[in-house]
Amino acid sequence: AISTGEHKIRQHKGEANAYHSYGEDKVHAFAGYINSLLQSDPDLSDVMPVDTHSDALFGAVSSGVLLCKLVNMTQPGIIFEKAINTKVKGIHHKIENQNLAINSAKAIGCNVVNIGAADLIEGKEHLVLGLVWQIIKIMLLKKVSIRDFPELAVLLQQGESLADLLKLAPEHILLRWVNYHLSRSGSDLVVSNFGEHFKDSKAYVLLMAAICPEHCDKAPLSEPDDRRRAVRVIANAGKMGCKHFVTADHIVNGNAQLNLAFTALLFNEFPALELPVESEVRQEMAELLDDDNAEDSREERVFRNWINSLGLSSDVNSLYEDCKSGEPLLEIMERLVPESVNWKMVKRGTKIQIKQVQNCNYVVDVAQAIGIKVVNLGGSDIEKGNKKLILGLVWQLMRHDTIALLEKLGGGKKVTDQDVIKWANDKVGTKGRMTSFQDADLANSKYFLHLCDSVSPGVVNWDIVTPGETEEGKEQNAKYVLSVARKMGCGVFLLWEDVVQVRQKMLMTFVGSLMALDAAKQQE
């Protein structure tokens, strides 16, 4: 789909004579931004800088190295750099790199359904652009969060709580940030989208004068021509060090996607928000965001990214707050077990507490019907945001997803945790053994590396593997094994900390993903 305000449209003929459209504006803008991030990377010297006046971006991503590097800039460390095949010697290296990029993008919350390694190697325009935009968007918007930038609390409106702000999508918070500065500048201008409302550049003029008065003023407002006013906005952006994504033409054409990216860039560099140190809101925020321990906080992020990778009707921005309506959980269950949800029973979009409780009661009913254990879980627990119980439910849904795939690949035969352990031990043979997903010896990752090498012989570079006797060695091995699994084609969501701390639940999904990959290979 083409975003609002897209022009210079191209069409590409895909499979079954289907045509996919894409805008040259985005191709050139994304290439320019990627250049600014990765131009000095020696591993990309053969493709950098990407030409910003052609379709060179589609060729530049072919080896997979660029996409791996881009994902790693979005969440540093998600890819173990030594796992990337930087010296590509054939199609096999490209496939591994693209698998690593796709599955790592999935692990940070990108929806990569219907995107395969071959699509990226071939440079299928609409799929490349779709993935690149998701990665860039996550990178640009990760600071637009009350977790990462508490000063956003000043954007609270009358009658709202911090929980309300926590549920807002970053795009909506960004619009609210623009309106906050417009109001403080004395303007009655209000923006509610990134397309039409930015076409005349007036919102940009006022915003930039408010957040960076040393480089910008309101003088461009006196310019009667919209395009010439946009040109002056771009000139000011250059002075601010924010000259990326938009040109004057993009602004006057109302390109919503590129305006969103540019506005996020302005926020990241010049938020211009202050929250008093002694503010009561800070205390309220600390209580709201306080997880009982770091493990719960990490688990929430992992589960949120898994949910967002499913491509639900809207992203989950806060697991506990968003699940209070029951709707995301019902969508997940419908995705896992089609037709398990009777949507006539659901009050969609309701803000009324009693109706949200009814939705959550229905969540418990559906969970029970599809075989999820719901002992001690009531709808009111979900609606009240009970962290432990919500984490427990989502974990079971994630496990259900893994087990269901294994059972499907196994012809419907039931699969237990013990079956997964037996399969792994049979694969590893004499090189290791585990009795449970809690074995302390698993912390050094060597067993999992042998397992990966058994499923895909030669995939592990043993020169990279450490003895795993120190904390640093364990960390390196854990980061490496996750990247190896993703190179093989596994969509795994756990973090390296889950491996070194031998977190039973997450390790089960990890080994289950390897088992599913092996079963799929046997059927090829």
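Source: prediction; values computed, not measured. Below, each value reflects all heavy atoms present in this structure, side chains not excepted, and no hydrogens, waters or symmetry copies.
Side-chain atoms of S445 do not come within 3.5 Å of backbone N or O of F448 as any donor-acceptor pair. Proximity of a side-chain donor or acceptor of E339 to a complementary backbone N or O of E334 within less than 3.5 Å is not detected. At least one donor-acceptor pair under 3.5 Å links the side chain of E331 to the backbone N or O of S313. For the pair N268 (side chain) and L140 (backbone), a donor-acceptor distance under 3.5 Å is present. Not a single donor-acceptor pair under 3.5 Å links the side chain of N305 to the backbone N or O of V302. Here the side chain of Y480 pairs a donor or acceptor atom with the backbone of N461 at under 3.5 angstrom. One N or O on the side chain of N477 and one on the backbone of N444 form a donor-acceptor pair closer than 3.5 Å. Formation of a donor-acceptor pair under 3.5 Å by the E321 side chain with backbone atoms of K167 is not found in this model. In this structure, S45 contributes its side chain and P42 its backbone to a donor-acceptor pair below 3.5 Å. D439 places no side-chain N or O within 3.5 Å of a backbone atom of D441 that could act as its donor or acceptor partner.
Counting only heavy atoms from C-beta outward, the side chains of F245 and N255 never approach each other to under 4.5 Å. Two residues are said to be in side-chain contact when any heavy atoms from C-beta on lie closer than 4.5 Å; N111 and N308 fail this criterion. Residues W306 and T509 fail the side-chain proximity criterion, which asks for heavy atoms closer than 4.5 Å. In this structure, S309 and V112 have side chains that are not in contact, with every pair of non-hydrogen atoms separated by 4.5 Å or more. Residues Q257 and K26 meet the side-chain proximity criterion, which asks for heavy atoms closer than 4.5 Å. Inter-residue side-chain proximity for N99 and M488 is flagged as unmet; no heavy-atom pair is nearer than 4.5 Å. Contact check for E475 versus K479: side-chain heavy atoms found under the 4.5 Å cut-off. Looking only at side-chain heavy atoms (C-beta outward), K106 and F493 come within less than 4.5 Å of each other.
Counting all heavy atoms, side chain and backbone alike, M515 lies closest to D419 at CE-O, 4.3 Å. The shortest non-hydrogen separation linking S104 to V71 is CB-CG1, 3.9 Å. Counting all heavy atoms, side chain and backbone alike, D43 lies closest to D46 at O-OD1, 4.0 Å. Residues R335 and G311 come closest through the heavy atom pair NH2-O, 3.2 Å. Minimum interatomic distance between D315 and D322 (heavy atoms only, all atoms of both residues): O-OD2, 4.1 Å. T74 and M139 make their closest contact through OG1-CE, 3.2 Å (heavy atoms, listed as atom of the first residue, atom of the second, distance).
Separation of atoms CD (Q504) and CG (D417) is listed at 7.0 Å; rounding is to 0.5 Å. To the nearest 0.5 Å, atoms CG (L442) and CG (L507) are separated by 6.5 Å. Annotation: the span from I95 atom CD1 to N85 atom CG amounts to 11.0 Å, rounded to 0.5 Å. Between K408 atom NZ and L406 atom CG the span is 12.0 Å, to the nearest 0.5 Å. In this structure, the separation between CD1 on I121 and OG on S63 is 9.0 Å, given to the nearest 0.5 Å. Here the straight-line distance linking atom CG of L174 with atom NZ of K143 works out to 11.5 Å at 0.5 Å rounding.
Annotation for D426: atom CG counts as buried by contact number, over 12 foreign heavy atoms lying within 6.0 Å. Annotation: Q523, atom CD; neighbour count of heavy atoms from other residues, nucleotides and ligands within 6.0 Å is above 12. Around NZ of K243, the count of heavy atoms belonging to other residues, nucleotides or ligands within 6.0 Å does not exceed 12.
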Side chain to side chain contact (heavy atoms under 4.5 Å, CB included) between L67 and V132, worked out: CA-CA 8 Å; L67 287 174; V132 168; 3.9 Å; yes
Residues K413, V415; criterion side chain to side chain contact (heavy atoms under 4.5 Å, CB included); working and verdict: CA-CA 6 Å; K413 182 186 173 187; V415 176; 5.7 Å; no
Steps toward side chain to side chain contact (heavy atoms under 4.5 Å, CB included) verdict (F80, L482): CA-CA 8 Å; F80 187 67; L482 295 182; over 6 Å; no
Worked verdict on I382 versus L377 for side chain to side chain contact (heavy atoms under 4.5 Å, CB included): CA-CA 8 Å; I382 301 171; L377 176 68; 4.1 Å; yes
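Checked for salt-bridge contact, D498 and R298 meet the test: a charged N lies under 4.0 Å from a carboxylate O. The pair E171-K137 counts as a salt bridge, with a side-chain nitrogen and a carboxylate oxygen less than 4.0 angstrom apart. Look at D463 and K82 and you find no salt bridge, because none of the NZ, NE, NH1 or NH2 atoms lies under 4.0 Å from a carboxylate O.
Considering only residues two or more places apart in sequence or on other chains, H450 meets the ring pair (Phe, Tyr, Trp, His ring centres under 6.0 Å) condition with W462. Contacts of R433 classified as side-chain hydrogen bond (donor to acceptor under 3.5 Å, both in side chains), with partners at least two apart in sequence or in another chain: none. With sequence neighbours excluded, no residue satisfies ring pair (Phe, Tyr, Trp, His ring centres under 6.0 Å) with Y447. Residues passing the ring pair (Phe, Tyr, Trp, His ring centres under 6.0 Å) test with F267 are F149, W177, sequence neighbours excluded. Applying the side-chain hydrogen bond (donor to acceptor under 3.5 Å, both in side chains) criterion to Q476, with sequence neighbours excluded, gives no partner residue.
For residues 511-522, the set of pairs meeting the side-chain hydrogen bond (donor to acceptor under 3.5 Å, both in side chains) definition, not counting sequence neighbours, comprises W423-D518, K427-D518, S456-K521, D518-Q522.
Side-chain contact annotation: Q396 with H400, donor-acceptor N/O pair under 3.5 Å absent. With hydrogens and angles left out, the side-chain atoms of E81 and N72 include a donor and acceptor closer than 3.5 Å.
When each of L66, I34, N35 is checked for a side chain to side chain contact (heavy atoms under 4.5 Å, CB included) with L44, only L66 meets the rule. Here the options are Q98, K94, H92, the test is side-chain hydrogen bond (donor to acceptor under 3.5 Å, both in side chains), and the partner is E96; only H92 passes.
Between W133 and F30, the ring planes lie parallel to each other; the angle is under 30°, not in the 30° to 60° tilted range.
For F303 and W395, the gap between ring centers reaches or exceeds 6.0 Å.
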